[in-house]
Amino acid sequence: MLIARVIGDLTATQKHPTHEGRKILLVQPLNLDGTDRGAPMVALDSVDAGIHDRVLVTTDGYAAFTAVGHKQAPIDAAVIGVIDHIELVAPESGAGAPPASTPAAPKKQHKKRQSEKG
């Protein structure tokens, strides 16, 4: 899995039938310090993530297509979680940096989650 930030979404008018009704996101993989890591990539959304969300991305084909509920679908990356908080713990030897905490971007209310509450 990768940590990434959603930086955009894509519209594809012609796509595989298993992708119909699915949101396609452009995500930027991140290092632990939040800096960009490599080139942006395309991932199918399975958790209703939005722009600027920090997310978990799987790049394993089996994990990706089962996450979106379509076995044997042509998917090699999927957003499988929205990260709320990351906490890094220093090595026990004390030689490393002190524990750091990186709060996620401000949470937004997802439509899907709002409808579940009420």
Side-chain angles (χ1 to χ4, degrees):
M1 280 188 282
L2 301 170
I3 296 172
R5 181 181 343 93
V6 179
I7 60 172
D9 58 13
L10 303 176
T11 300
T13 56
Q14 300 292 322
K15 54 191 167 190
H16 192 274
T18 59
H19 292 44
E20 293 294 332
R22 294 286 180 180
K23 189 165 41 172
I24 305 170
L25 300 173
L26 184 61
V27 298
Q28 172 62 58
L30 301 173
N31 293 309
L32 286 177
D33 64 1
T35 58
D36 293 353
R37 175 183 173 195
M41 58 191 299
V42 175
L44 216 59
D45 183 36
S46 70
V47 294
D48 197 24
I51 304 293
H52 304 298
D53 279 346
R54 197 162 33 168
V55 295
L56 291 174
V57 175
T58 182
T59 55
D60 172 75
Y62 183 81
F65 66 66
T66 55
V68 297
H70 291 288
K71 289 187 175 180
Q72 305 303 319
I75 302 167
D76 61 0
V79 173
I80 59 171
V82 176
I83 298 172
D84 296 317
H85 179 76
I86 297 174
E87 182 173 340
L88 301 175
V89 178
E92 289 187 26
S93 65
S101 178
T102 54
K107 290 178 84 172
K108 70 172 192 176
Q109 293 295 320
H110 298 278
K111 292 178 185 175
K112 189 176 185 180
R113 292 180 188 146
Q114 289 174 338
S115 64
E116 291 173 354
K117 292 180 180 177

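Hydrogens, waters and symmetry mates are skipped; everything else that's a heavy atom, side chains included, is used.
Under the salt bridge (charged side-chain N to carboxylate O under 4.0 Å, His left out) criterion, D45 pairs with K23, sequence neighbours left out. Every residue meeting the side chain to side chain contact (heavy atoms under 4.5 Å, CB included) condition with D60, not counting sequence neighbours, appears here in chain and number order: T58, Y62, A63.
Considering all non-hydrogen atoms of both residues, L44 and I24 come closest at CD1-CG1, 3.5 Å. Considering all non-hydrogen atoms of both residues, V79 and S46 come closest at O-OG, 2.6 Å. Heavy atoms only, all atoms of each residue included: V27 and P29 are closest at O-CD, 3.5 Å. When all heavy atoms are compared, the tightest approach of A49 to L25 is CB-CD1, 4.0 Å. Minimum heavy-atom separation, K15 to R22: NZ-O, 4.0 Å.
With rounding to the nearest 0.5 Å, the separation of CG in D84 from CG in D53 is 9.0 Å. For the atom pair CZ of R54 and CD of Q28, the computed distance is 13.5 Å after rounding to the nearest 0.5 Å. Separation of atoms CD1 (I3) and CD1 (I83) is listed at 4.5 Å; rounding is to 0.5 Å.
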When the side chains of residues 34-41 are checked against the rest of the protein, which donor-acceptor pairs come out under 3.5 Å, sequence neighbours left out?
residue: T35; atom: OG1; partner: N31; partner atom: ND2; Å: 2.9
residue: T35; atom: OG1; partner: D33; partner atom: OD1; Å: 2.7

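Applying the side-chain contact (heavy atoms from CB on, under 4.5 Å) test between I80 and each of L56, V55, V57 identifies L56 as the sole match.
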Problem - Intermediate values then yes/no, side-chain contact (heavy atoms from CB on, under 4.5 Å), L26 and V42 - result: CA-CA 5 Å; L26 184 61; V42 175; 4.2 Å; yes
